[in-house]
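First, the structure itself, so that you have it in front of you.
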Amino acid sequence: MAAELQAAAGAAMEEASSGWLVSSLVYLGAAVIAVPLARRLGLGSILGYLGAGIAIGPWGLDLAGDAQSMLHFSEFGVVLMLFLVGLELEPRRLWALRRPIFGWGSVQLLGSAALVAGAAMWLDHAPGRMALVAALGLALSSTAIGLTELAERNLKGTAAGGGVLGVALLQDIAAIPILALIPILAGVPHETVAGDGWDAWPAALRAALVIGAVVLGGRLLLRPALRWSARSRTPEVFTAASLLLVVATSALMQAAGLSMALGAFLAGVLLADSEYRRQLETDLEPFKGLLLGLFFMAVGMGVDFSVVMARPVALAVVVIVFVSLKALLLTAMTIPMKLPPAERPVFVLLLAQGGEFGFVVFQAAAQRGVMDAGTASLLVAAVALSMALTPLLLKASDRWLCPRLARARDHGDLPVLEEPQQAPVIIAGFGRYGQVVGRLLAAQGLSATVLEHDADQVETVRRFGWRVFFGDATRLDLLRTAGAQQAKVMVVAIDDVAQSLAVVDVVKQHFPQLQVVARARNVTHYYGLRSRGVALIERETFDAALASARSVLELMGYDKAYAHTQAQRFREHSVELLEQMAPHFGDEQRLIAMARQGRDQLEALWARERAEREAALAAARKAPTVEAAALPSPAVAARVRTEPPGAG
C-alpha cells in the first residue's frame, strides 16, 4: 500500500513538473514571438502581450492553463511596478502630488462613476445598485497599462505623467471601499462578509495601524535590513531580500484589507532617498517586466469571446459609452489642471480605459447577487476590450491628434510672420542644431529668417533675445512671406524626420533656386534627403562622435595631430561610402555587404600603413647614419611604439 501511494505521489509530482515546463514553454514562446512582432509593427509591447494571450488562450490555440490563476499570480507585476514608482518619489515629492491624488483623483473617480451610472439607468433602465457597482468598476483605470505606457514614452516626469500617477494612486486607495460597498448593496451584513465579526471602525483602525507600521518600520527597519543583506556580498541574497521586502509589505497590507500595490508603493517611497535605491531598481526591474508581461497575457486569455459573439452590439455600446463619458470628463479636467495641449491625449486615453481591478469588482458583484452573471461577463469583456484598444488609440493619437493640438494652442502672443522678409538665409527649425547655425551666421553679420513650429521653443529662445517666427515651414504661403523666392540658402534643421523631408519637397518644387543645407538625424534620413537632390547634408551626431573618438586616441597615447588626421580621413571615407551606398537604399542585403566591404578596406589600408611605418622605423634604427629627414618624427615614433595591436 505504501509503495502504491509513493508511486502515485511520484507520478503526480512528475505530471506537475511536466505541466509547469509546458506552461513555461507556452508563455515564454508566445511572448518572444508576439512582442517583437508587435514592436516591429509599431503597436507597442502591451498590445503584443495581449495578442499573445488571446492566441494561446481558450479562444485561440488553447495552449495555456487557467487564465484567472495566471492573472492572480501575475498581478504581483503591478505590485512591483508601483514599488519601483515609489522609489522615484521622495516623500516631499509625494506630498507635492497630494492635490492630483486626492483632488483630481476624486474628481475623476466620482465624476466618471456618476456619468456612467446615469447613462446605465437612462439607456438600459438598470437597477440603481447594479448601475452604481458597474459605474464604480468602469470608473477605475488600468494602472499597469497607464504606468507602462508612460515609461515606454518617457513621460513619467511630465505634467500628464504626474496626473496619471495621482489618479491611479487614488483608485488604488478607493478599491477597498468599493469592494466593501458590494455586500452592503447586496443586503448582506458586514460581519457575515468579513468573517471576523469586526465592524467598520475596527477595520479602519486596523488599516491605519498597518499603514503606520509600514511607515515607521520603513524608517527604522528597512535600511538596516538591506544593509545587513548587502554586507553578505552575495548579489542573489540582496535580490532575494529585495523581493522579500516587497512581498512582506504587500502581504501585510492585504491582511489589513488594503491594496497590495498601495503598500508596495509606500515602501518604495520610504526608500526613495536611500543609498540602495539604484540597486533595488536594477534587481527588481526584470521581475517586474516579466510579471507585467504575464499579466497582460492573462488579460488577453481572459477575454470571453462567447460574450463578444453573443452580444456584439451591447458590448460595443458599453465600451463606447463608458470610454467616451470618462474621456469627456478627463478632457474637461485637463483645462484647470493646465496640462500642455500635446500631453492631453495621453492623459485622457490612459485613464479613459477600464482597469484590472474592475474584474474583481464585477466578479464580487455577481457572487453577491448585485448583478447577474451575464452582465458581469459583459462588463469584464468590455473592460478587457478597452484595455486592448488603448495602445491602438494612443498610436492613432500620436499620428493625427497630438501634432494638431501642439499647433492649435493659443499663439496670440507669439510673433507670427506677416510682413515679407528679405534675409538671404532661411532657417527652418531652431532647436539645438539650428541655434548653432544661427549663432555663427549672426556672428558673421549675416541675417536669417528663422521659422519654428514648436511654440514652447519659440517662447524659450525669445527669452534669450532671438527673433524667431512661429510657423510651419511646410506651408507654401509662409515660405513665400519668409522670402524664399529671393533667398539664397535654406537651412533645414527640423527634428522630425517626416516634416524635414516635407519641407525639402516644398522647397524643391516651388523654390528651385534655393540651396538646401540639411541636418540628417540618422542614415535613413540622410538617404531620404539625398533622394530629393540635397547635396549639403550633415549628420547631427557624426562629428561629435568623431571628436570623442579623437579624444580616445589621444588618451591611448597617440599624437594629437595624428589623431585629428585619422579622424578626418575616417570622415572622408565614411561620407564617400555613404554616397556609394545611397543608390542602393532599400536593398538591405546590398547595403550590409557594401558596409562590410568598406569597413574591411579601411582596416586593411590602415593596417598596411602601420606595417610600413613600423618597418621604416626598424630600418632607421639599424642604419643610424640615415639623414634626419628620412627618420619618422618623434611624435610618429612615439605613436608607433605605443600603438596597440590592431588599432585603427
Side-chain angles (χ1 to χ4, degrees), residues 42 340-342 345 395-412 414-438 441 447-462 466-522 524-540 585:
K395 294 297 293 184
S397 171
D398 290 341
R399 184 168 183 178
W400 291 297
L401 184 58
C402 288
R404 293 186 179 182
L405 286 177
R407 293 193 296 264
R409 55 169 289 185
D410 182 14
H411 302 303
L414 296 178
V416 179
L417 191 59
E418 296 176 344
E419 299 294 329
Q421 303 296 307
Q422 304 295 329
V425 179
I426 301 173
I427 302 176
F430 211 59
R432 62 184 187 275
Y433 197 98
Q435 289 178 42
V436 173
V437 177
L441 295 180
S447 60
T449 301
V450 181
L451 305 176
E452 171 59 58
H453 73 286
D454 186 337
D456 295 327
Q457 181 67 13
V458 173
E459 293 175 351
T460 299
V461 296
R462 281 181 68 197
W466 287 102
R467 187 167 179 260
V468 180
F469 296 103
F470 173 77
D472 186 351
T474 60
R475 287 173 45 193
L476 181 59
D477 60 332
L478 186 68
L479 288 177
R480 285 181 173 146
T481 307
Q485 291 175 319
Q486 299 82 28
K488 296 181 179 180
V489 180
M490 176 80 177
V491 179
V492 182
I494 299 173
D495 284 343
D496 186 82
V497 174
Q499 190 178 21
S500 168
L501 297 177
V503 171
V504 172
D505 288 336
V506 173
V507 170
K508 288 292 183 181
Q509 180 179 358
H510 298 280
F511 310 105
Q513 90 288 349
L514 268 179
Q515 295 292 319
V516 178
V517 177
R519 158 253 197 124
R521 298 208 57 176
N522 48 45
T524 302
H525 191 190
Y526 181 94
Y527 288 142
L529 293 168
R530 287 294 292 117
S531 67
R532 288 163 170 78
V534 180
L536 303 173
I537 309 170
E538 294 296 337
R539 285 179 283 169
E540 63 175 19
F585 178 63

Verdict with reasoning, Leu529 to Leu501, per side chain to side chain contact (heavy atoms under 4.5 Å, CB included):
CA-CA 7 Å; Leu529 293 168; Leu501 297 177; 3.7 Å; yes
Considering all heavy atoms, the nearest Thr449-Ala482 contact
OG1-O, 3.9 Å
Residues at least two apart in sequence or cross-chain that pass side-chain contact (heavy atoms from CB on, under 4.5 Å) with Lys488, listed by chain then number, are none
Measuring from atom NE2 of His510 to atom CD of Gln485, what distance do you get when rounded to the nearest 0.5 angstrom?
11.0 Å
What heavy-atom pair brings His525 and Ser500 nearest, and what distance separates the two atoms?
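Nearest heavy atoms, His525 then Ser500: NE2-OG, 3.1 Å.
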Between CD1 of Ile427 and CD of Glu452, what distance do you get to the nearest 0.5 Å?
11.0 Å
Taking all atoms of both residues into account, what is the closest heavy-atom pair of Arg519 and Ala493, and its distance?
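The pair with the smallest heavy-atom distance is NH1-O, 3.0 Å.
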For Gln486, does the CD atom have more than 12 heavy-atom neighbours from other residues, nucleotides or ligands under 6.0 Å away?
yes
Residue list, side-chain contact (heavy atoms from CB on, under 4.5 Å) with Ala484, at least two apart or on another chain
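Listed in chain order: Ile426, Leu479, Phe511, Leu514.
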Atom of Val534, atom of Ala518 and distance for their closest heavy-atom approach:
CG1-CB, 4.1 Å
Minimum heavy-atom separation for Ala487 and Ala423, please, with both atom names.
CB-O, 3.7 Å
Scan for salt bridge (Lys or Arg N to Asp or Glu O under 4.0 Å) pairs involving residues 499-510, sequence neighbours excluded, and state none if there are none.
Asp505-Arg532
